[in-house]
Amino acid sequence: MPNIIKAQTEEQFNDIGAGIIASLLQSNPKALLGLATGSTPVGVYKRLVELFNEGSVSFAQAQSYNLDEYVGLPADHPESYRRFMDDKLFSLVDILPENTHVPPGSDPDPQQAAAEYTKLLERAGRIDLQILGVGHNGHIGFNEPGEELEGFTHVVTLDESTRKANARFFNSIDEVPVQAITMGIASILHAKQILLMARGADKAEIIARALQGPVTTECPASLLQTHPNVIVLVDQEAGRLI
Ligand code: F6R
């Protein structure tokens with residue numbers, strides 16, 4: 001059973017999420033962090049930046065590996081995940097730019113770029129803490145539901161529902177990339193510890209399916225049930241059914 005934490009307020013959610021990451025860095029300054037984008041971790045990253053500014057945490061020796069990136073957006077595109085991470089965390093703390101890794105979605109050969117990211121992860125060793133959000137369809141990273149899931153970093157065609165959900169960040173759905181590069185399920189499950197975060201009533205059903213439903217590739221987040229060290233951080237709404 002995962003360790004489930006239900007935060008009472010948004011502030012508490014962000015405090016707890018940032019606290020978990022900060023404690024790891026305090027005990028292991030060279031930690032390998034697996035990071036996610038999306039709206040869920042934004043407040044947690046903001047709180048981490050505050051902790052950094054207060055002198056409570058340093059990223060100077062840490063390494064980060066992001067889960068995913070859109071294919072075809074230049075790295076400095078306002079909606080690229082590289083830009084998201086630079087703006088919301090990396091440029092605001094003392095992490096060395098060369099220690100931050102995001103799959104290179106603008107590479108002219110995304111398949112090759114994905115294969116290289118797998119090698120990079122292999123060389124890095126096990127991620128100490130993998131941060132995850134979850135899609136309404138159960139995706140983690142951009143591992144979309146299906147008959148089978150891929151283990152390592154690969155190019156994926158995004159589900160229509162994912163493109164619709166993410167259209168809120170673009171001018172229109174037509175601008176949402178069709179493909180992404182994502183870390184695979186084996187790489188995610190290889191992490192020593194996983195922090196799955198979800199907020200809002202619209203995530204309640206998928207959180208219940210992921211934690212209490214059958215373990216199935218049709219709900220990639222349900223595979224987290226097979227991992228021995230998962231913390232689930234939810235707000236009251238997302239945790240309503242668990
Ligand atoms: C983002 C990622 C995705 C998101 C998921 C939830 O790097 O891997 O799996 O975590 O789509 O997104 P939000 O947090 O925007 O609801």
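Quick note: residue numbers are just sequence positions, from 1. What you see is a predicted model, and the numbers here were worked out from it, not measured in a lab. We count ligands from 1, going down the list as the structure has it; atoms in each ligand are counted the same way.
- Enumerated by chain and number, the residues approaching ligand 1 to less than 4.0 Å through a heavy atom are A36, T37, G38, S39, T40, L67, D68, G133, V134, G135, H139, G141, R168, K203.
- In this model, a donor atom of one side chain and an acceptor atom of the other lie less than 3.5 Å apart for D94 and S58.
- In this model, no donor atom of one side chain and acceptor atom of the other lie less than 3.5 Å apart for N66 and H101.
- S39 and R168 form a side-chain donor-acceptor contact under 3.5 Å, judged by distance and modelled atom types alone.
- A donor-acceptor pair shorter than 3.5 Å can be found between the side chains of E144 and T162.
- In the hydrophobic clustering, where aliphatic and aromatic side chains (Ile, Leu, Val, Met, Phe, Trp, Tyr) are joined below 4.5 Å either directly or transitively, V71 groups with V155, I181.
- Side-chain atoms of N166 and Y70 form a donor-acceptor pair, as typed in the model, at a separation below 3.5 Å.
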